[in-house]
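For clarity, every value in this text was computed on a predicted model and none was experimentally measured. Residue numbers start from 1 in every chain, and the chains themselves are labelled A, B, ... in the order their sequence lines are given, proteins ahead of strands.
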2 protein chains.
Amino acid sequence: MIRSTQELLWERGYVGTSPKAIQLAAEAGQGSMYHHFSGKAELARAAIERSGAELRAAAEEQFAGSGTATERITNYLERDREVLKGCRMGRLTADPDVIADPVLRAPVAETFAWIRTRLAEIVAEGKESGEYPAGLDPDRTAATIAAVLQGGYVLARADGSDEPFELAVAGLVDLLEGVAS
Amino acid sequence: MIRSTQELLWERGYVGTSPKAIQLAAEAGQGSMYHHFSGKAELARAAIERSGAELRAAAEEQFAGSGTATERITNYLERDREVLKGCRMGRLTADPDVIADPVLRAPVAETFAWIRTRLAEIVAEGKESGEYPAGLDPDRTAATIAAVLQGGYVLARADGSDEPFELAVAGLVDLLEGVAS
DNA sequence: GTCTATACCGCGATAGAC
DNA sequence: GTCTATCGCGGTATAGAC
């Protein structure tokens with residue numbers, strides 16, 4: 001059921017996902033669902049936390065790889081993604097009910113905080129190795145990288161095509177390589 | 001009523017906005033609404049188109065200003081924004097019903113296409129003036145700039161604070177200034 | 001043009017049987 | 001633990017009076 005909820009939250013968001021739809025997707029009965037979870041909110045909480053953990057694990061695969069900072073960041077950016085489906089986490093920030101509920105927003109906030117922190121660490125490593133100029137701000141750069149990804153999804157979904165996402169990522173890589181020595 | 005719909009679409013999205021809520025906000029009766037509009041979808045269409053026009057007009061204020069390319073882009077990026085409310089247009093890309101309906105998606109697609117085109121023109125001007133290196137790709141760079149804005153909103157809403165948005169914008173400006181001569 | 005009444009459906013949850 | 005029945009509410013739209 002949690003897995004079905006993750007999928008539905010991704011596709012339809014919190015407001016657009018009904019308990020009944022979850023039960024259908026999970027082939028679970030109504031009584032079963034309300035026995036294991038107090039309601040929609042708790043189920044969503046479990047699903048969001050699981051998605052966050054999966055997302056971090058997937059990102060760490062690229063972050064922890066070998067190569068220069070730019071290479072690892074590029075690997076992360078250019079990883080295979082279902083661009084037109086958007087980001088499971090980023091999508092939830094459009095949901096007022098998620099943003100308004102501290103319990104639901106917390107795992108979203110933590111996931112992005114973690115990603116920005118990891119990216120900042122990698123940028124800092126790039127500075128130490130002399131790859132990036134000493135003046136480059138890791139926290140700013142990390143936020144920019146994370147934003148390009150999230151914004152790339154938005155532009156792609158608006159356009160109905162992967163192209164804007166690819167362009168945005170390529171443009172960012174150009175800029176990163178431009179400031180690298 | 002269109003104005004009320006714009007506001008509700010911004011706050012709650014398409015799925016989260018009901019005809020009844022629009023009527024309440026606009027202090028209009030039910031019969032009145034269904035007399036002037038065939039239903040929720042047509043009303044949304046009018047609202048989205050109007051928001052698109054307003055967004056383009058607001059952006060053009062910075063785009064058409066004086067100064068170098070980087071200055072005009074920076075003015076655009078650092079314009080006063082209600083960051084935590086998110087982008088009226090970008091928000092709609094999370095709405096499956098909007099993305100699935102060509103009539104509703106079209107004005108969203110056009111708005112972002114216009115913004116990317118204008119940004120690419122400005123980047124191209126920066127190349128001609130010698131501000132940017134000849135190797136810089138205007139389309140890529142434009143997509144990156146637009147993505148940072150949209151992604152900045154996402155990160156800010158996840159964080160519950162303007163900070164990630166400000167960081168992402170500052171990081172992008174750093175990179176742009178870094179590649180500028 | 002705008003009003004009220006009505007309809008039908010699905011949401012989100014609860015109750016109590018098994 | 002899971003099932004079915006039921007509930008109250010609001011979404012979205014139509015009907016027909018004024």
Scan the side chains in residues 21-35 of chain A for donor-acceptor partners under 3.5 Å anywhere in the protein, sequence neighbours excluded, and list what turns up.
| residue | atom | partner | partner atom | Å |
| --- | --- | --- | --- | --- |
| A/Gln23 | NE2 | A/Pro19 | O | 3.3 |

Pairs meeting criterion ring pair (Phe, Tyr, Trp, His ring centres under 6.0 Å) with involvement of residues 150-181 of chain B, two or more places apart: B/Tyr153-B/Phe165
In chain order, what residues pass the ring pair (Phe, Tyr, Trp, His ring centres under 6.0 Å) check against B/Tyr132, with sequence neighbours excluded? none
Which residues satisfy the ring pair (Phe, Tyr, Trp, His ring centres under 6.0 Å) test with B/Phe112, sequence neighbours excluded? none
Sequence neighbours excluded - side chain to side chain donor-acceptor pair (under 3.5 Å) pairs with any residue from residues 91-107 of chain B: A/Arg12-B/Asp97
Which residue pairs pass the side chain to side chain donor-acceptor pair (under 3.5 Å) test when at least one of the two sits in residues 106-124 of chain A, sequence neighbours left out? A/Arg56-A/Thr111, A/Glu60-A/Arg118, A/Arg118-A/Glu121
Considering only heavy atoms, which members of residues 10-26 of chain A lie under 4.0 Å from some atom of DNA chain D? none
Atom pairs and distances, donor-acceptor, side-chain atoms in residues 135-142 of chain A, under 3.5 Å, two or more places apart:
| residue | atom | partner | partner atom | Å |
| --- | --- | --- | --- | --- |
| A/Asp137 | OD1 | A/Asp139 | N | 2.9 |
| A/Asp137 | OD1 | A/Arg140 | N | 3.0 |
| A/Arg140 | NH1 | B/Asp174 | OD1 | 3.2 |
| A/Arg140 | NH1 | B/Asp174 | OD2 | 3.0 |
| A/Thr141 | OG1 | A/Asp137 | O | 2.7 |

Sorted by number, residues from residues 28-44 of chain A placing a heavy atom under 4.0 Å from DNA chain C are A/Gln30, A/Tyr34, A/Gly39, A/Lys40
